[in-house]
Amino acid sequence: MSLIDISGNLLFTAFFAYIIGTVFIAGSIKRNDGAASRAEKWGKIGIVIAIIGFISQLGYFITRWIYAGHAPVSNMFEFTTAFGMFLVGAFILIYFMYRVTVLGLVALPIAVLFISYATMFPTEVTPLVPSLQSNWLTIHVVTAAIGQSILAISAVAGLVYLLKEVDPKTSSRERFWLEAILYFCVVVIGFVLVTITFRGMGYEAQFTYVNNNGMESEIVYNMPALFGMNESELKTEGVMKPLVEMPAIINAKKLTTVVWSFLVGTILYLLYRFIVRRPICELLHPLVKKVNSQLVDEIGYRSVLIGFPVFTLGALVFAMIWAQEAWGRYWGWDPKEVWALITWLFYAAYLHLRLSKGWEGRKSAWLALIGFAIIIFNLVFVNLVIAGLHSYA
């Protein structure tokens, strides 16, 4: 068995460990009304399994690094799996600091979604493009990913807080937005399903198009084209033609993937509502009834306190140093750079509002979720749809 096969098996092991760990943690919470000792035992088993999953994923990360000869954070598959790993690592660290098992009920499923999302991209190890052949790849990207994962824990805590504090049976603006967040999680599942389906069908549609440098290029769609590349021409017979042609700045293939994900995710969500006849937040509310709201709020705040300076170093300071080395300037207005700055400004505002204006509790939780939404927008939409210097990611 080759090193890359071992790496893949370790990631597969981590994926299922996170699922099983979630089940045990949910079981421990469900049992809180009965035998406390048994509930505690289930919770500890869930944490142990999560740790086993984290060690397995760390093994994947190290073996892939050895095989590739560079840190495995150079494309969407590698970065997203690394992000999930760092998120679980941050959760485990927070657990041993505060002993709040329920955070795993959100953190582990998010890691599962990240791994599922990542595996929809090409998983092959490929040579680095010239601009990535630098030690700053490891320093900048890994530090930024660790910072984002710690910031994500604030969103995990915020979601747990709101699941408890927002009444799921009373129609309100807060319940609407809380349900919207859970709907977007279903959209990720839709992305996985639509990708697996068309990949299983062997769907391919080849196009020629004019890229943003004015040169003719080729591209292959693996699902029916809803949007066409700039001045595209279909070369494959018997497949769907694009409904709309997009300008060169938009990656229409990836925009098509995003829209297909929303279509399928929406169908899944509507089916759930038709069958179960209640919001997802109402289904989850009983699992967080015994949560200490004040402690969870404190965890969310301290996660930002720790994650913000780490993110500042990785996404801004180290990024600017690398940009100067690679492109001869510290700052440009590339979409990824702009959204890194927006993310930084948002969390700076979060700390200001928390410390100066006393925005605690629900306000703080909502801010944490908005911050995570900005991170996800940067990871998904900016990476996949908007063309720029970081498009190779």
Side-chain angles (χ1 to χ4, degrees), residues 73 76 79-80 82-83 86-87 90 94 110 114 136 139-159 161-162 173-174 177-178 180-181 184 249 258 297-327 329-391 393:
V73 289
M76 281 295 289
F79 180 82
T80 308
F83 191 6
F86 294 138
L87 174 62
I94 292 294
I110 290 176
F114 272 136
W136 286 107
I139 300 170
H140 156 54
V141 182
V142 170
T143 308
I146 292 173
Q148 287 177 324
S149 67
I150 299 171
L151 292 172
I153 291 295
S154 70
V156 169
L159 183 56
Y161 184 95
L162 292 170
R173 185 180 299 177
E174 282 191 308
W177 285 111
L178 185 59
I181 291 167
F184 281 112
I249 193 173
V258 171
D297 180 54
E298 179 69 13
I299 290 171
Y301 168 56
R302 293 202 175 273
S303 297
V304 177
L305 277 181
I306 298 169
F308 181 69
V310 177
F311 178 79
T312 301
L313 277 175
L316 294 180
V317 177
F318 294 156
M320 288 189 287
I321 295 172
W322 190 11
Q324 172 63 25
E325 180 183 285
W327 299 315
R329 87 298 189 274
Y330 288 103
W331 180 261
W333 293 99
D334 183 73
K336 285 282 286 184
E337 295 175 76
V338 171
W339 277 94
L341 179 61
I342 290 172
T343 305
W344 185 87
L345 290 172
F346 178 85
Y347 280 104
Y350 170 98
L351 290 174
H352 169 73
L353 291 169
R354 177 93 187 196
L355 294 170
S356 301
K357 304 295 182 180
W359 280 32
E360 300 180 0
R362 292 194 182 195
K363 290 182 179 179
S364 181
W366 281 114
L367 285 177
L369 289 172
I370 293 170
F372 188 58
I374 293 172
I375 291 173
I376 296 302
F377 182 86
N378 193 1
L379 176 66
V380 177
F381 191 85
V382 177
N383 268 336
L384 298 187
V385 178
I386 303 176
L389 292 172
H390 292 77
S391 293

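For W366, the CH2 atom is densely surrounded, since the number of other residues' heavy atoms within 6.0 Å is greater than 12.
With sequence neighbours excluded, no residue forms a ring-ring contact (aromatic ring centres under 6.0 Å, His included) with F346. Partners of A144 by side-chain contact (heavy atoms from CB on, under 4.5 Å), not counting sequence neighbours, listed by chain and number: A315. Under the ring-ring contact (aromatic ring centres under 6.0 Å, His included) criterion, F83 pairs with F114, sequence neighbours left out.
Using a 4.5 Å heavy-atom threshold, the side chains of Q148 and L379 count as separate. Side-chain atoms of I342 and V338, non-hydrogen and from C-beta on, do get closer than 4.5 Å to each other. Side-chain contact between L369 and L162 is present, with heavy atoms from C-beta onward closer than 4.5 Å. When side chains are defined from C-beta on, L355 counts as touching Y301, because their heavy atoms get closer than 4.5 Å. Side-chain contact between S303 and I94 is present, with at least one heavy-atom pair separated by less than 4.5 Å. Side-chain contact between L351 and Y347: absent, with no pair of heavy atoms (C-beta onward) separated by less than 4.5 Å. Annotation: side chain of L159 is in contact with side chain of L178 (closest heavy-atom distance under 4.5 Å).
In this structure a side-chain-to-backbone donor-acceptor pair under 3.5 Å is missing from H140 to F318.
The list of salt bridge (charged side-chain N to carboxylate O under 4.0 Å, His left out) pairs with a residue in residues 371-381, not counting sequence neighbours, is empty. Judged as a salt bridge (charged side-chain N to carboxylate O under 4.0 Å, His left out), the pairs with a partner in residues 342-355 (not counting sequence neighbours) are, in order, D297-R354. Among residue pairs with one or both ends in residues 356-371, those qualifying as salt bridge (charged side-chain N to carboxylate O under 4.0 Å, His left out) are E174-R362; sequence neighbours excluded.
Once rounded to the nearest 0.5 Å, the distance linking CD1 of I110 with CD1 of I376 reads 8.0 Å. Here the CZ-CD1 distance, from R302 to I306, works out to 8.0 Å after rounding to the nearest 0.5 Å. Summarising the geometry, atom CD1 belonging to I150 is positioned 13.0 Å from atom CZ belonging to F308; distances are rounded to the nearest 0.5 Å. Between F372 atom CZ and I153 atom CD1 the span is 9.0 Å, to the nearest 0.5 Å. With rounding to the nearest 0.5 Å, the separation of CD1 in I370 from CD1 in I181 is 8.5 Å.
Residue G307 comes nearest to L151 through the heavy atom pair C-CD2, 3.8 Å, listed as atom of the first residue, atom of the second, then distance. Between A145 and F79 the shortest heavy-atom distance is CB-CE1, 3.7 Å. Nearest heavy atoms, F86 versus S149: CB-OG, 3.3 Å. Shortest non-hydrogen contact noted between A340 and N378 is N-ND2, 4.0 Å.
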Q. Run the ring pair (Phe, Tyr, Trp, His ring centres under 6.0 Å) check on W339 and F377 step by step: do they pass?
A. CA-CA 9 Å; W339 277 94; F377 182 86; 4.6 Å; yes
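Counting only N and O atoms by type, the side chains of Y350 and S154 include no donor and acceptor under 3.5 Å apart.
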